[in-house]
Each structure stands twice: as structure tokens, then as C-alpha cells.
Amino acid sequence: MDYSDLISGLVTFVVGLIAFVVYWMQKRSEKEAAATILVMDIRHTEQVISAVLERNSFDNAMGRPVGFNNWERYKHFFAKDLSTDEFSAFNRFFFACGEIAGARDDMRRIFMSGLEAKGAAIQALLCDLNSNDPEYQARRAQIINTSGGEMYVFDPQEPKDRIVRSIQIMGRLTQSSGFVKLKKVARMKS
């Protein structure tokens, strides 16, 4: 009996089995890392929203919710772990995160363009002053003090309305059964 064919076949089987186990462990580790990232994103976003609700203020200084890109990147890992309702809740939550982040970015962009316009207007007023005028210093100080003490920056309502609507639809994932499942995949205790 020729044992070389049997040994060769056995070695091939063992190598294939080891390759499969390594592949499976790598995928499990990748799924665990994705779950950890998503849990952290959800907690961060809920903290941002809680801070906004506590202050009852939606402005350009509010924190930025994160995670909408991570959910799109990793959600395929959890299609079998989450029920349809849980998966829909995650989709809603992360869609709302994207909307809130977009509205926040719009507010910041409008605020910054308002500051630039305000700066240009103040600079134009200062340039119009005649430095040889005896009232120059007083007028200059008045322009600077008046403009520095007032906001004079457009504060649009539409991004704030988008934030409010998004908060209303997003829900709290940390209190859901889907979040518990996600933490279990991430091997997180609390």
C-alpha cells in the first residue's frame, strides 16, 4: 500500500482546514471590530444629542454626530444578527446622524461666511475713515466696539429644523435589543 498519496491527501486536507479556520477567525475578528466601532459611534452620537437637548440649543458649536459612514461600510456584517425592525432602526438612526451632521456643517458654513462678510464690511468702514481726522481714533474704536459686541451674523432656521426632525426620527439605540446584540458581537460587557 502506497502511503505517500494518503499522506499527501491528509496534508492537503489539514492545510485547507487551517486556511479555512484562519479565514473564519479573521472574518469574526473583522465583524467584532466593526461592532465595537458602531457601538462607540452610537454612544458618541447619543451623547452629542443629549448635550444639545439639555442646552436646548442647536448652533454651529454643537458636537458632530459620527457613524453614518461606518454603518454603510459595516452593516452587511449584521444583516443576519438583527431582526428586520432592528436593522430598520439602525438605518433610521444612522440616516438621522448624516442629516444632523449635514445640517451642522451647513450652519457652520453659513456662520463662517457671515463672519467673513462681517469682517469685510467692518474693514471697509475702517478703510473709509480718514486717519488725519481728529475724531479718527474715537470713530475707529466705536466701529470696532460696536461690531465686536454684536453678532450681526445670519442664523438660519432651516438647518435647525432639519436637526429637530432628525432627532425625532432617530430614536435611542442604546436602549434597544439590537444594541444589546451589537455589544454581544463586539464582546463588550457594558
Side-chain angles (χ1 to χ4, degrees), residues 1-55 58-109 112 159-190:
M1 178 176 226
D2 189 13
Y3 290 108
S4 64
D5 288 340
L6 181 63
I7 292 173
S8 176
L10 187 59
V11 167
T12 302
F13 174 75
V14 168
V15 168
L17 184 62
I18 290 171
F20 175 75
V21 168
V22 167
Y23 172 80
W24 178 79
M25 289 175 66
Q26 180 182 7
K27 287 298 178 186
R28 190 178 80 181
S29 174
E30 196 175 328
K31 183 176 180 178
E32 183 180 323
T36 302
I37 289 169
L38 292 173
V39 165
M40 292 187 314
D41 287 348
I42 291 165
R43 286 183 173 157
H44 170 78
T45 296
E46 287 191 358
Q47 288 172 350
V48 167
I49 299 307
S50 291
V52 166
L53 294 174
E54 285 172 10
R55 287 190 345 250
F58 309 103
D59 57 23
N60 65 331
M62 69 181 269
R64 189 173 205 284
V66 295
F68 43 95
N69 290 333
N70 288 333
W71 176 245
E72 288 301 315
R73 187 178 312 133
Y74 298 130
K75 68 182 178 182
H76 65 280
F77 285 126
F78 310 104
K80 291 182 181 177
D81 298 322
L82 301 173
S83 71
T84 304
D85 291 340
E86 291 166 339
F87 203 80
S88 293
F90 276 77
N91 278 332
R92 239 185 350 269
F93 181 87
F94 285 109
F95 174 78
C97 286
E99 284 294 306
I100 292 168
R104 177 192 173 272
D105 292 347
D106 290 348
M107 283 192 306
R108 291 181 68 84
R109 193 171 29 262
M112 294 309 293
K160 294 176 185 180
D161 292 342
R162 280 181 24 218
I163 291 171
V164 169
R165 283 192 307 271
S166 295
I167 289 174
Q168 290 170 345
I169 67 163
M170 78 185 322
R172 290 190 55 92
L173 283 184
T174 54
Q175 298 172 354
S176 71
S177 59
F179 187 77
V180 172
K181 290 177 183 177
L182 197 63
K183 283 190 340 184
K184 186 176 180 181
V185 171
R187 297 182 186 199
M188 299 173 95
K189 295 195 187 329
S190 59

Which heavy atom of Ala103 sits nearest to which heavy atom of Arg162, and what is that distance? N-NH2, 3.0 Å
Nearest heavy atoms of Glu30 and Phe77, plus distance in Å: OE2-CZ, 3.4 Å
Rounded to the nearest 0.5 Å, the CG atom of Leu82 sits from the CZ atom of Phe90 at a distance of 5.5 Å
Could you state the interatomic distance from CG (Asp41) to CG (Asn69), rounded to the nearest 0.5 Å? 9.5 Å
Given the rule in the side-chain contact (heavy atoms from CB on, under 4.5 Å) test, do Asp81 and Lys31 qualify, once you have shown the distances and angles that lead to the verdict? CA-CA 11 Å; Asp81 298 322; Lys31 183 176 180 178; 2.5 Å; yes
Residue pair Met107 / Ile163: nearest heavy atoms and the distance that separates them: CE-CD1, 3.6 Å
Distance, nearest 0.5 Å, that separates CG of Leu182 from OG1 of Thr174: 11.5 Å
Please test Trp71 against Asn91 for side-chain contact (heavy atoms from CB on, under 4.5 Å), starting from the C-alpha separation and ending with a verdict. CA-CA 8 Å; Trp71 176 245; Asn91 278 332; 2.7 Å; yes
Are Arg109 and Asp106 close enough for a salt bridge, meaning some N to O gap below 4.0 Å? yes
Going by heavy atoms in the side chains, are Ile169 and Glu99 under 4.5 Å from each other? no
Tell me, do Phe94 and Thr45 make a side-chain contact under 4.5 Å, heavy atoms counted? no
Taking all atoms of both residues into account, what is the closest heavy-atom pair of Glu32 and Val185, and its distance? CG-O, 3.5 Å
Side chains of Glu86 and Ser177: do they bring a donor and an acceptor to under 3.5 Å? yes
Any idea which heavy atoms bring Arg172 and Ser50 closest together, and the distance? NH1-OG, 3.7 Å
Other residues, nucleotides, ligands: >12 heavy atoms within 6.0 Å of Tyr74 OH: yes
Looking at NZ of Lys181 and NZ of Lys184, how far apart are the two atoms once the value is rounded to the nearest 0.5 Å? 9.5 Å
Using 0.5 Å steps for rounding, measure from the SG atom of Cys97 to the NE2 atom of His44. 9.0 Å
Backbone of Leu173 reached by a side-chain donor or acceptor of Ser176 within 3.5 Å: yes
Tell me the closest heavy-atom pair linking Arg73 and His76, and the distance in Å. O-CE1, 3.1 Å
Taking 4.0 angstrom as the limit, do Glu46 and Arg43 come out as a salt bridge? no
Going through the distances and angles, do Phe87 and Lys75 end up as a side-chain contact (heavy atoms from CB on, under 4.5 Å)? CA-CA 9 Å; Phe87 203 80; Lys75 68 182 178 182; 3.9 Å; yes
